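Here is how names work: the chains are called A, B, and so on, in the same order as the sequence lines, proteins then strands, and each is numbered from 1. Just so it is clear, the model here is predicted, and its values are computed rather than measured.
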Amino acid sequence: MGAERSGTKRVVMIGPPNVGKSVIFNRLTRMNVGVANYPGSTVEFSEGALRVADTPVKLIDAPGIYTLQPASEAESVAVALLEDAPDLVLCVLDATNLESSLYLLLQLMGLGLPLIACINRTDLAEERGLAVDHEYLAQQLGVPTVATRAVTGQGLEELRSQLKGALSSGITSPPAGPTPTWAEAERLTQQARRSAGRSGDTLRDRLGDALVRPWPGLPAAALIVVLIFGFVIGVGMGLRRWVLLPFFGDLIIPQLENLVHALLEPGLGREVLVGEYGLLTKGIEWPFTLVLPYVLSFYAALGVLEDSGYMARLGALLDGLLKRMGLSGTAVMPIFLGYGCGIPALMATRALSSHKQRLTVCAMVCLSVPCISQTGAFVSLLAERSVGALAGVATVSILAMLTTGVLAGKLLPGSPSTTLMEIPELLLPRADVLGKKVWARARHYLADGVPAVMAGVAFAALLYETGAMQAVGRALSPVITRWLLLPEEAAVPLLLGVFRRELAVLPLMDMALSSSQLFTGAIVALFYVPCIAMVALVAREFHIRLAIVVLVFTTAFALFVGGLFARLAPLVL
Amino acid sequence: MGRHGRRRGRFAAADPRAHLGQILGRGALALERANCRWQSLSRRYGRRFYERLVQEEVELADIKAGDRVLHVGCGAFPFTTLALAERGFVVVGIDRDQQAVAAAAEVVSRKGLDGQVEIRHGTGESFDCADFDAVWVSLHVSPRDEVIHNCLSTLRPHGKLVLRNVAGPLKLLYNATPPAAGASQTYVRTARSQARSNLVTMVAEKLPSTDKQRVVLSGLAAGCRGTIAATGNGHPLLEPLGIRPGRQICLRCIQKLGGSVVADLDGRRVAIDRQLAEQIVVNPVFGD
C-alpha cells in the first residue's frame, strides 16, 4: 500500500454504514472499479480510479465505521487505511444522523490528515423536515464541506471541484478542532440544523416499519424468501432456455466439435477435447448453460435485498432464532452469501464480532449450504424429473443448516453474541449500482469459476480416457453400490466434487438413474466436501486442523446420510 | 528501546513533538511493563506522554480541580499520579507491591507533592472507593474484572471510573461480570486516545440509583417513548447509535423468540439485543 506511482494521490472515503458512500464512489469513478483486500486481511473494499484535473487519483471506499474505535475486523481495516497516511480523507456525513457523523468528523480532525467533508442524504433529511447548513459547519470547523444528494447526483460537481482544490493546492490539515465528545457533537448539530417545513410519515416509512415488526414482518419475510427462491430459479431457467442454451448449445459447441473432428485423428487428444468429459463440450456446457444463469439471477436478487435495506430487517426478525445458534442478526448476510458462494460468505464473517459466531457460520456453510453453482446443478438435475425430489433436497438442506447452527451454538466455547445494528431506510435499489454489482460477480465467476470447472473436467477426461476412473470406481464400488445403491460410475462425482461442488452433481445427469437414485446422489453431493478453494480459505482464515476436520467430517457424513436416504427415498419418491 | 512494529503506519500529527512522542510512547509502555528496568530513560520520556494522555482522560471524565482521585496500580514511577496532582487533584496512589509503594513515595516527596499526594499499599479489588470522585485504573492491573467490579460497587453516585484499554475490536468493559448491583447503573463513554493511538480510554460514571421501580427498555410497550437514564455494559456501538443518557427513545416492537428490540432514536432505527435492552434504564414519558 505504501509505494505508489509518484503523482497518484490516494483518497480514502470514510463514513458510517448506509450513508451512500458507494453511490458517491460509483458516481465519481464510473466504470473504473475493482475490489481490493487490505494486506493481511480478507476484508474487501472497493478501489477506483479517476482523474481530477490531470492528477490520477486512487479513490478507496473504506468499510463503514461509526467511530474510530473499531467494533469488528471490517472497521479495523477502515482505521488501518487511515493510518497509511492517505493524501486526503473524504468524510461522508449523514444528514439524517448528523450527530454521530459529526462525532466521527471531530475524531478525524484530531488525526491531522487533510480533510474535506460532504453531507449526504439531504433528500431524506428534507422528508423529515430537516435541513443542514453546511456552510455554517464549514465555517465553524474549518473543513471544506459540500452538501450532496448522491442518488440524484446533486452536489457532485461541487464535490469534484473541492477534491480538485484540495489535491492540487496541497491542502493542509484542518486546525485542531474541539475534543471529540458527544456533547460537542450534539451542540454543533443543534446549531447547524434548520427546519425545512413539511415532515410526516411517507409510505416508504410505513412499509419499512411494517416489514420489521413481527406482524406483518414474519409472514412477509416468508413470502419474500419464497419469491426470491422463485425468482432465482425462474429467471435462471429462463436465461438458460432462451439465451444461454441456444447460444452455447446450438451454436458454439457444435462448431467446436466439428472443428476438432476435422483437425484431430481419433485418439486421446480428441477424446479429451470432445469426448465423454470433453473440455470443449461439457467443459463449456456445464459452466455456461447450467451454472451461469443462476449466478446472474442469484446475485441480482441478493443485490436487491442488500441495497433495499431489507437484509437488515430480515436479520432483526430472525434474531431470536439466530440467538439459539449463538448468532446475531448480522449473521444473516454471510449465510445468504453462502447460497451464492462460500468464499465471500467466509470473508463476510469477518464483520461478525466473535470467533464463535464465525466458526458457527463456517460450519453451516461448509456442511449444508449449497453454493449457487451446486444449486443450479441440482435444479438442472432434478427439476424436470421430480420436483418433489428438488423440494426434498431444499428441505434437508435447511433443516441441516439449522441443526448445525444450533449444535455449534451449544457446543462451541464462547459467550453468546450481541445484536446491535442499525436498520437502514427502506430504499429502492438503483439499477445502475445493482447492474455493476451483478457484473462484478459475473466477471469474478467467469475469471475464477469457469477455468476451475474446465480444469476439473479436463482432469476427469484424462482419468476417464486413461481408464484410471474406472479403476477408482471399482475400488470404491462396495460403498457406492452396496451402501448408496448407485451404479459404479457414480464414483466420478465423488472424485470431481473436490474441485467444484457442481461437479459432484452434474455427472449424475447422464447416468440413467431413477428419481430416488438422483435424490440420493444429490444428498451426498449436498453434504460432501466444499470445493478445494473453500477448504484452502478455511485453512487460511482459521486453522489447517479445522480444514482437515471439515474434509473428513463432510465426506463421512455425506456417505452415511446418503445411504440412509437411499433406503428411505424409494418409499416416498 | 523497544518498538512495536505491528502497526502499519502512523498518523501525520500536526505537532512534531507529539509525533515523536507517539513513536517513543510505544517503547515507554513496553518499558513500564518490564518493571522499569531502564529507570532513568523511562522516567524522562515517559512523563511527556503521560501528561497529554492524562489531560485527555481528565477531559473525558469531566472532573474539577480539587476533586479526590484514586489511582490503582500507580507503580514505582507514578507518572499518572503526578500528572493528576499537577492538575490540582488530590491523589491517593495504591499498589500491591511494597517496594513500588516505597519507591513511589520517595518520588512524590522529591517533587514536593507530599501535601497533595499520598501513596499507600493496597489492592484494587479490596480498596474502598467511597471517598473519591474518580478512580484511575492502570493498564496492567489485575485481576481486572474483580477490580472493576469492586470500584463500581464502592464508588459513590456520579463517581467515575477511568480505564485504559489497548485498542482493538470490541473490547467490552466487563463481559465476565454479570449485571449485578451497580453494573446496570452506569453510563460508559469511550474515546480513542490522540496521544497514544494504541489506547482507548473508557470512563464509566456511576449513576444514582432511584427508589422508584426501574423501567428497562425491554419492559416498555410498543409505541412508548422515554428518556434514557443508564446504558449498561459499555458496548462500543451504543453511543454512536444514539443510546446515551438524556436521549429520547421510542420502542417500536419486540421480536419473537427472545429476539431483539427495535427502537427509534432521533430518526434512527436500531435493533438492540434483548440482553442489552434489559440493561437500558428508561424514564417513560407520557403523552405526545
Side chain, backbone, both or neither of R268(B) within contact of chain A (heavy atoms, under 4.5 Å):
both

Of D209(A), L322(A), L218(A), the largest count of non-hydrogen pairs under 4.5 angstrom with chain B goes to D209(A)

Quick check on the interface: out of S328(A), G217(A), A312(A), A316(A), who has the most heavy-atom pairs with chain B under 4.5 Å?
A316(A)

Qualifying residue for side chain to side chain contact (heavy atoms under 4.5 Å, CB included) with I14(A), from L105(A), L104(A), V92(A):
L104(A)

Any chance the side chains of Q255(B) and R274(B) put a donor and an acceptor closer than 3.5 Å?
no

Charged N-O contact under 4.0 Å between R121(A) and E425(A):
no

For residues L93(A) and V19(A), report the shortest heavy-atom separation together with the two atoms involved.
O-CG2, 3.6 Å

Engaged part of E59(B) at the chain A interface, taking heavy atoms whose separation is under 4.5 Å:
side chain

Heavy-atom distance under 4.5 Å to chain B: side chain of T181(A), backbone, both or neither?
neither

Please report the shortest heavy-atom distance between A78(A) and I65(A), naming the atom on each side.
CB-CG2, 3.5 Å

Examine whether an atom of L241(B) lies under 4.5 Å from a heavy atom of chain A, and if so say whether it belongs to the side chain, the backbone or both; otherwise answer neither.
side chain

Salt-bridge criterion met for E186(A) and R247(B) (N-O under 4.0 Å):
yes

Side chain, backbone, both or neither: which part of E422(A) has an atom under 4.5 Å from a heavy atom of chain B?
both

